[in-house]
J.: 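Would you mind keeping the following structure in view while I ask a few things?
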Amino acid sequence: MKILFVHQNFPGQFPHLAPALVARGHQVIALTSETNKRPSPVRVVKYRKPDEVKLSSGLTRLYAQSAERGARAALAARQLRDKHGYVPDVIFGHSGWGETLFLREVWPEARLLVYAELMYRTTGLDTDFDPEFARSGLEAKVSTVARSAHLVQSMVQADAGLSPTQFQADTFPPELRAKITVCHDGVDTDRLAPRADASFTVPGTTRIFRPGDEVVTFVNRSLEPYRGFHSFMRALPEVLAERPKAHVLIVGEEGQSYGAAPKDAKSWKQKFLAEVGDQLDLNRVHFLGRIPYADYVNLLHVSRVHAYLTYPFVLSWSLMESMAAGCAVVASDTAPVRELIADGETGRLVDFFDIAGWSEALIAGLSAPETYAPMREAARRHIVESYDLKTICLPRLIEFVEGARS
């Protein structure tokens with residue numbers, strides 16, 4: 001088959017699936033933004049960067065931006081069709097940025113699949129979860145509904161959708177949920193297998209950590225409330241006071257990936273350092289920024305306790321990767337996490353806002369790591385048996401794409 005992937009930051013969610021389909025004899029290319037500099041496992045075609053949309057109303061801005069990006073993707077698609085005679089059998093694109101919105105008009109004969117990551121809702125998800133930062137009132141609800149317009153349109157047009165978790169699939173309304181298959185992108189459990197000889201060096205220093213050291217790890221793309229950075233930071237003073245040899249390794253950039261920037265600080269990191277920094281021994285709290293993937297794997301391997309928090313929102317790959325690495329995971333008791341972790345079996349669950357509970361759980365993991373040994377083993381076993389890339393997820397993903405043509 002001729003298979004076209006569409007993603008503004010390709011390979012995105014498809015780094016393993018695209019080359020696997022090539023290996024099976026399919027002709028695979030990707031349509032991506034001209035601003036995307038990531039290396040690709042397949043040939044790419046690029047569409048022009050959309051112009052910035054300037055509108056007075058925030059209600060229509062996201063749809064307008066998504067439609068503009070979709071139009072640029074469609075223009076590039078038309079050029080592929082008219083100049084090169086390219087007609088895909090299957091299109092598989094991420095719906096989040098609008099790129100799939102108008103591809104049906106270029107290739108009506110193609111089967112259209114979308115990666116359905118999340119549908120926004122006014123209740124039960126991120127927007128009304130955290131009272132400290134939530135926007136309330138009718139205006140906030142109207143804004144949330146407006147943000148879903150391009151996602152609804154993408155799903156209506158699609159022949160089928162794919163979500164990585166049951167929780168994320170279930171955020172879609174029933175009439176759209178019926179189109180969605182649940183299958184995770186997959187975890188390379190071989191690469192992430194625990195290693196007793198692992199080590200992690202703090203960048204720019206000679207400080208080396210090894211398995212068995214008192215290390216708390218926290219990993220996210222950005223340090224922000226959506227991923228519980230505030231709850232984690234507020235728990236640290238008690239942890240470091242009780243465990244004078246403990247060190248904390250924090251991975252994440254200073255900006256935000258989700259939600260708004262703070263109104264009273266340069267970044268969320270600076271805001272919460274200003275709040276609790278004078279209660280911390282900052283020689284033992286290491287902000288690492290973004291690190292190479294190989295270093296990240298080593299960081300997981302030296303972790304004695306790994307903290308993961310999230311709003312009811314998209315689940316981070318890092319949770320499954322930390323479980324595959326055999327980490328002792330302490331995680332927020334929120335709906336997306338409960339799909340992966342059973343309290344006391346594959347990790348510990350703590351109320352997202354219970355600062356004392358977080359301190360207690362992290363201290364317990366540091367002081368008595370032997371109590372977490374069965375949970376570490378069970379966590380890795382769960383990922384190997386249900387989310388392994390090679391044996392579980394990749395075969396299902398291949399079947400999802402290949403079956404779309406039938």
Side-chain angles (χ1 to χ4, degrees), residues 1-34 36 38 40-50 66-119 149-164 169 172 176 178-183 185 393-394 396-406:
M1 294 192 299
K2 292 181 180 178
I3 300 170
L4 175 69
F5 285 95
V6 185
H7 195 301
Q8 56 94 24
N9 197 31
F10 187 83
Q13 283 82 5
F14 312 121
H16 307 293
L17 178 58
L21 290 167
V22 171
R24 291 175 63 82
H26 301 298
Q27 300 175 43
V28 181
I29 65 174
L31 181 62
T32 189
S33 171
E34 65 181 358
N36 181 13
R38 297 184 68 188
S40 171
V42 300
R43 183 170 73 88
V44 298
V45 176
K46 296 191 175 183
Y47 61 80
R48 285 181 54 206
K49 176 185 176 182
S66 300
E68 181 68 24
R69 185 177 290 275
R72 292 295 172 87
L75 290 172
R78 184 181 65 181
Q79 188 172 35
L80 273 175
R81 183 196 66 189
D82 294 349
K83 289 192 175 182
H84 304 284
Y86 179 76
V87 178
D89 296 298
V90 175
I91 303 166
F92 192 2
H94 196 300
S95 63
W97 299 276
E99 291 158 298
T100 67
L101 284 175
F102 310 116
L103 295 181
R104 179 74 82 191
E105 308 310 312
V106 181
W107 292 303
E109 60 275 82
R111 297 287 285 178
L112 179 59
L113 311 177
V114 298
Y115 192 92
E117 193 163 35
L118 190 84
M119 177 66 71
H150 71 289
L151 301 175
V152 172
Q153 184 178 343
S154 296
M155 277 302 301
V156 168
Q157 292 177 329
D159 293 294
L162 183 96
S163 287
F172 289 80
L176 299 179
K179 288 186 174 185
I180 297 174
T181 296
V182 176
C183 182
D185 313 318
C393 294
L394 195 53
R396 291 178 181 172
L397 292 170
I398 291 170
E399 181 182 6
F400 175 75
V401 175
E402 291 183 342
R405 194 61 181 148
S406 60

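This is a predicted model, so every value here is computed, not measured. When reading the values below, keep in mind they use all heavy atoms of this one structure, side chains included, and skip hydrogens, waters and symmetry mates. Residue numbers run from 1 in the order of the sequence given.
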J.: How far apart are the closest heavy atoms of Leu101 and Ser154, and which atoms are they?
T.: CD2-OG, 3.4 Å
J.: If you apply the rule side-chain contact (heavy atoms from CB on, under 4.5 Å), what do you find for Ser33 with Asn9, and how did you get there?
T.: CA-CA 7 Å; Ser33 171; Asn9 197 31; over 6 Å; no
J.: Run the salt bridge (Lys or Arg N to Asp or Glu O under 4.0 Å) test against Glu68 and tell me which residues pass, sequence neighbours left out.
T.: Arg72
J.: Tell me, do Pro15 and Pro41 make a side-chain contact under 4.5 Å, heavy atoms counted?
T.: no
J.: What residues, two or more places apart in sequence or in another chain, satisfy side-chain contact (heavy atoms from CB on, under 4.5 Å) together with Leu21?
T.: Ile3, Phe5, Leu17, His26, Val28, Ile398, Val401, Glu402
J.: Heavy atoms, side chains only, cut-off 4.5 Å: are Met119 and Leu176 in contact?
T.: yes
J.: Name all residues meeting the side-chain contact (heavy atoms from CB on, under 4.5 Å) criterion together with Asp89; count only those two or more places apart in sequence or in a different chain, and write none if there are none.
T.: Met1, Lys2, Arg405
J.: Hey, can you pull the donor-acceptor pairs under 3.5 Å for the side chains in residues 77-85, sequence neighbours left out?
T.:
| from | atom 1 | to | atom 2 | distance (Å) |
| --- | --- | --- | --- | --- |
| Arg81 | NH1 | Val106 | O | 3.2 |

J.: Looking at residues at least two apart in the chain, or sitting in another chain, which of them share a side-chain hydrogen bond (donor to acceptor under 3.5 Å, both in side chains) with Tyr115?
T.: Asp185
J.: Walk me through whether Val22 and Val42 qualify under side-chain contact (heavy atoms from CB on, under 4.5 Å).
T.: CA-CA 8 Å; Val22 171; Val42 300; 3.8 Å; yes
J.: What residues, two or more places apart in sequence or in another chain, satisfy side-chain hydrogen bond (donor to acceptor under 3.5 Å, both in side chains) together with Asp159?
T.: Arg104, Arg111
J.: For Leu151 and Ser95, work out which heavy atoms get closest and say how close.
T.: CD2-O, 3.6 Å
J.: Considering only heavy atoms from C-beta outward, does the side chain of Phe92 approach that of Val6 to under 4.5 Å?
T.: no
J.: Run the side-chain contact (heavy atoms from CB on, under 4.5 Å) test on Met155 and Phe172 for me, step by step, so that the C-alpha distance in whole Å, both residues' side-chain angles and the decisive distance to 0.1 Å come before the verdict.
T.: CA-CA 9 Å; Met155 277 302 301; Phe172 289 80; 3.7 Å; yes
J.: Once side-chain hydrogen bond (donor to acceptor under 3.5 Å, both in side chains) is applied, do any residues pair with Thr32, and if so which ones, sequence neighbours excluded?
T.: Asn36
J.: Can you list everything that forms a ring pair (Phe, Tyr, Trp, His ring centres under 6.0 Å) with His150? Sequence neighbours excluded, please.
T.: none
J.: Can you name the closest pair of heavy atoms from Gly12 and Arg38 and give their distance?
T.: N-NH1, 3.5 Å
J.: Could you measure the distance from the CD1 atom of Ile180 to the CG atom of Leu162? Nearest 0.5 Å is fine.
T.: 8.5 Å
J.: If we only count heavy atoms from C-beta on, is the Gln8 to His94 side-chain gap below 4.5 Å?
T.: no
J.: When you look at Trp97 and His7, which way does the side-chain contact (heavy atoms from CB on, under 4.5 Å) test go after all the steps?
T.: CA-CA 8 Å; Trp97 299 276; His7 195 301; 3.6 Å; yes
J.: The criterion is ring pair (Phe, Tyr, Trp, His ring centres under 6.0 Å); which residues satisfy it with Phe102, sequence neighbours excluded?
T.: none
J.: Name all residues meeting the side-chain hydrogen bond (donor to acceptor under 3.5 Å, both in side chains) criterion together with Ser40; count only those two or more places apart in sequence or in a different chain, and write none if there are none.
T.: none
J.: Could I get the full list of side-chain contact (heavy atoms from CB on, under 4.5 Å) partners for Glu34, not counting sequence neighbours?
T.: Lys46, Arg48, Lys49
J.: Pro88: which residues meet the side-chain contact (heavy atoms from CB on, under 4.5 Å) condition with it, sequence neighbours left out?
T.: Leu4, Tyr86, Ile91, Trp107, Ala110
J.: Side-chain contact test, heavy atoms from C-beta onward, threshold under 4.5 Å: evaluate it for Val90 versus Leu113 and give yes or no.
T.: yes
J.: Any non-hydrogen side-chain atom of Tyr47 less than 4.5 Å from a side-chain atom of Leu75?
T.: no
